[in-house]
Number of protein chains: 2
Amino acid sequence: MSSVKEVAKRANVSVATVSRVLNNDPVVKQSTKEKVLEVIKEMNYKPNLLAKNLRKQASKTIVMVLPAMSNPYFAEIARGAQAAAYDFGYHIIIGTMESKRWILDTYVNLLKTNLAEGMIFVSSSADRELLQTLVGDYPIVLCTENYPGIGATCVSIDNKQAGYEATRELLRRGHRSIAYIAGNRQSSSVLGRIEGYKEALIEAGIEYNPELVAGSKNNFENVTEAMNGILGKGFGIDGVITHSDLQASYILKGIKENLIPLEASIGLISFDGTFIAEITNPSITTIVQPLYDLGYTSVHQLVLKLQNDLAEAPQGVVILPHELVIRET
Amino acid sequence: MSSVKEVAKRANVSVATVSRVLNNDPVVKQSTKEKVLEVIKEMNYKPNLLAKNLRKQASKTIVMVLPAMSNPYFAEIARGAQAAAYDFGYHIIIGTMESKRWILDTYVNLLKTNLAEGMIFVSSSADRELLQTLVGDYPIVLCTENYPGIGATCVSIDNKQAGYEATRELLRRGHRSIAYIAGNRQSSSVLGRIEGYKEALIEAGIEYNPELVAGSKNNFENVTEAMNGILGKGFGIDGVITHSDLQASYILKGIKENLIPLEASIGLISFDGTFIAEITNPSITTIVQPLYDLGYTSVHQLVLKLQNDLAEAPQGVVILPHELVIRET
DNA sequence: ACTCAAAATGTAATCGATTACGAAATGATG
DNA sequence: CATCATTTCGTAATCGATTACATTTTGAGT
């Protein structure tokens, strides 16, 4: 219930002075500043940010949209994002889509109703069309995807290179017929990795066979289905690359439960580098992405945009390093 | 930039009428309502919620604080919470503590500065003292913990019963010397489960030995240390119960890597029922908690409190059912 | 056509902070 | 002590919506 007005009265100053103290405006005399601060403490006064936000036309809030939280991959990105938001003095609302496209609108409305100042889309949470309509009006950052020229800052790893390295590793071990379980959507990360996969194969003198590539969601049934779809074509698969740790763990599970006719000793490399790859048996060789940093950097880039309210902010691409970590598969 | 004032001008009505249309107040004549709606669509007008929130003294926002997001356990609770927030028309800010006590204050400040209307603490994210100071001033819900008489609604499973059932299952299989890797803090859920463990032992004529119980965080090093601490006492452990799936997965990992001197065939039961228990090899027998529902119900309870602004809202305890799911361990 | 209650709309205050602008206090200087 | 530049502070407008209250319009009834 307490307000600047009451603080002002109790401190025998005007509301303006109280406000100045709150925003430590250097023009207020030291003695009155102390007096006001004392009253503030006495009354246990906290400014009403609803009022402040209205007057300043800024909520100091940003939004990050993730496809889902159940995948530790996204959880780790979210962790980095939260840390950055805190560091830069912003509130962050982290929302998940859970495969329901229309939920996106509720988050976009946070921008349109002035509750949020900027937005980060992680992975393929937003399609190109939506992005196009937003990019002109609001500061937008894409995390883990890279759509050049779309007018949003993109923060990701070099997916093509990563796909190349994963494939090279399997080739180095002598695998020749490598299946690729890709992501569910035709996002830039999915396509980029496949590009790298293709390049490594060709470089090794192996023909790229699209029949060995199948998209899949992050659930057991889907992965099993996709894998068996490829196996059913009879190309004698001896290696597998998956778009995520989770998919790889489901492949191992499928093998163990005799739902996927492969040996557990097959060459298997996944992307992400979450703890999942460490707790499976066998543990999984992965391309480790700097997930925390991806989240952190995305927020940082967004904050930069918000602060240079001019379109001065870098609209470009930020590429973070990845790393191939060899484990048991 | 558009505001009610501009809409009013374009529609030849007053701001009051526009506002009434926005809140579909039935007193406005159908024809003017349509006219206003048309102008709104034309101008692509969206109300500024910063202004609305200030005037209404309500942000329609709640906060949920989790210890961390990296554990799928919490991610699933968060998922349920988000769904409920959406269903009941609230915004939700989900924050994690990441073991840093002081971060809590930033979330509590959302309440104190009117940015949020109520708060949910999951697991042991808030200590009793903090809760005491908040419960009088704000609507609070505790999720997965149960502190009777604290003035907050508590939503959880029956931890004592669950601990009892887990222990009974191992006893049924003939295990007699059962170690208990508990949670890190002395929270009600941790203590409740140990109560059940104790009760089942006594019922089976086995003396409760506190030396077989050790707390541990959710990381590999800590779990290994705790487990080996117990094993070092030479009680011939033949069964283990852990507070979380993650801990259990780390025990399996420790065994596999020969860091924990136990057989993989040991009796092992954990709590939670996340997908982790399904992707390990062997898969883990767990007490499955209704995580999504715990999150959903917590938000629902909070919303009830917010709507009955009287202290009419049920201050009690909501107990959700758990289930023992037998897998390979 | 007149009355008057009901229906529809408008005027202006309000939420609680920030801030442009102007006024007052201060104090150094001649 | 008068002057005037600096400091310091206060008044009132403002952000954009909601809403109490006042006012006008409408239309049924006579």
Side-chain angles (χ1 to χ4, degrees), chain A residues 1-37 39-40 43-61 89 91 109-117 309, chain B residues 1-40 43-61 91 109-117 309:
Chain A
M1 296 299 107
S2 55
S3 64
V4 273
K5 206 179 290 183
E6 305 194 13
V7 173
K9 191 181 297 175
R10 286 264 265 273
N12 277 322
V13 295
S14 72
V15 291
T17 299
V18 174
S19 178
R20 291 193 187 100
V21 170
L22 286 172
N23 299 283
N24 33 124
D25 186 328
V27 310
V28 321
K29 197 173 24 174
Q30 182 63 22
S31 61
T32 72
K33 180 174 179 176
E34 285 167 2
K35 182 173 57 179
V36 171
L37 284 176
V39 172
I40 286 178
M43 301 181 58
N44 196 21
Y45 165 79
K46 290 268 181 188
N48 184 324
L49 290 191
L50 295 178
K52 175 171 185 165
N53 288 348
L54 171 60
R55 179 58 223 247
K56 301 258 251 184
Q57 294 287 51
S59 60
K60 281 271 180 183
T61 299
H91 303 290
N109 273 338
L110 294 175
L111 286 178
K112 296 189 175 171
T113 58
N114 299 60
L115 282 188
E117 303 181 34
D309 48 1
Chain B
M1 293 303 105
S2 55
S3 63
V4 274
K5 206 179 290 183
E6 304 194 14
V7 173
K9 192 180 298 173
R10 287 263 265 273
N12 277 321
V13 296
S14 73
V15 291
T17 300
V18 175
S19 179
R20 291 193 187 101
V21 170
L22 286 171
N23 299 281
N24 34 122
D25 186 327
V27 309
V28 320
K29 194 168 33 169
Q30 182 63 20
S31 61
T32 71
K33 180 174 178 176
E34 284 166 3
K35 183 174 57 179
V36 171
L37 284 177
E38 194 179 355
V39 173
I40 286 177
M43 301 181 59
N44 196 18
Y45 165 79
K46 290 269 180 187
N48 184 325
L49 289 192
L50 295 178
K52 175 170 185 164
N53 288 347
L54 170 59
R55 181 56 225 250
K56 301 258 252 186
Q57 295 285 53
S59 60
K60 282 271 180 184
T61 299
H91 303 290
N109 273 339
L110 293 176
L111 286 178
K112 295 190 176 173
T113 58
N114 298 58
L115 283 188
E117 302 181 34
D309 48 2

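Basis for what follows: all heavy atoms, side chains included, without hydrogens, waters or symmetry-related copies. Protein chains get the first letters and strands the later ones, always in sequence-line order, with residue 1 at the start of each.
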Participant: Looking at S59(B) and L115(B), what are the two nearest heavy atoms and their distance?
Facilitator: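 What the structure gives for the nearest pair is OG-O, 2.7 Å.
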Participant: Between the protein and nucleotides 11-15 of chain D, list the N/O to N/O atom pairs that are separated by less than 3.5 angstrom.
Facilitator:
from	atom 1	to	atom 2	distance (Å)
dT14(D)	O2	R55(A)	NH1	2.7
dC15(D)	O3'	Q57(A)	NE2	2.8

Participant: Pair up each side-chain donor or acceptor in residues 43-56 of chain B with any protein partner under 3.5 Å, not counting sequence neighbours, and list the distances.
Facilitator:
from	atom 1	to	atom 2	distance (Å)
K46(B)	NZ	N109(A)	OD1	3.3
N48(B)	OD1	L50(B)	N	2.7
N48(B)	OD1	A51(B)	N	3.3
N53(B)	ND2	L49(B)	O	3.2

Participant: From T61(A) OG1 over to L110(A) CG, what is the distance, rounded to the nearest 0.5 angstrom?
Facilitator: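 Answer rounded to 0.5 Å: 9.0 Å.
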Participant: Between V4(A) and N12(B), name the one whose nearest nucleotide on DNA chain C is closer to the 5' end.
Facilitator: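 Of the two residues, N12(B) wins.
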Participant: Determine all donor-acceptor pairs shorter than 3.5 Å in which one atom belongs to a side chain in residues 24-32 of chain A; sequence neighbours excluded.
Facilitator:
from	atom 1	to	atom 2	distance (Å)
D25(A)	OD1	V27(A)	N	3.0
Q30(A)	NE2	E34(A)	OE2	3.0
T32(A)	OG1	K29(A)	O	3.1

Participant: Please identify each residue that fulfils side-chain contact (heavy atoms from CB on, under 4.5 Å) with K5(A), with sequence neighbours left out.
Facilitator: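 So K5(A) forms a side-chain contact (heavy atoms from CB on, under 4.5 Å) with S3(A), V15(A).
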Participant: Report all interatomic pairs (protein N or O, nucleotide N or O of nucleotides 5-8 of chain C) with separations under 3.5 Å.
Facilitator:
from	atom 1	to	atom 2	distance (Å)
dA8(C)	OP2	V27(B)	O	3.3

Participant: Touch check for N23(B), heavy atoms < 4.0 angstrom, all strands: base, sugar-phosphate only, or nothing?
Facilitator: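 Contact class for N23(B): sugar-phosphate only.
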Participant: With the side chain counted from C-beta on, respond yes when R20(A) and T17(A) share a heavy-atom pair under 4.5 Å apart, and no when they do not.
Facilitator: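 With C-beta onward as the side chain, the pair touches.
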Participant: Look at all strands and tell whether D25(B) reaches a base, only sugar-phosphate, or nothing, counting heavy atoms closer than 4.0 Å.
Facilitator: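 Nothing, no nucleic acid heavy atom in range.
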Participant: Rounded to whole Å, please give me the gap between CG in N114(A) and P in dA17(D).
Facilitator: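 Checked: the CG to P distance equals 8 Å.
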Participant: For the helix from dA1(C)-dT30(D) to dG30(C)-dC1(D), figure out the bend between the end axes, five pairs an end, and round to 10 degrees.
Facilitator: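 Comparing the first five pairs with the last five, the axes sit 50° apart.
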Participant: To the nearest 0.5 Å, tell me how far K9(A) NZ sits from E6(A) CD.
Facilitator: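 Between K9(A) NZ and E6(A) CD, I get 7.0 Å after rounding to 0.5 Å.
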Participant: Of V39(B), V18(B), V21(B), which is the lone residue that meets side chain to side chain contact (heavy atoms under 4.5 Å, CB included) with V13(B)?
Facilitator: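 For V13(B), the side chain to side chain contact (heavy atoms under 4.5 Å, CB included) check succeeds only for V18(B).
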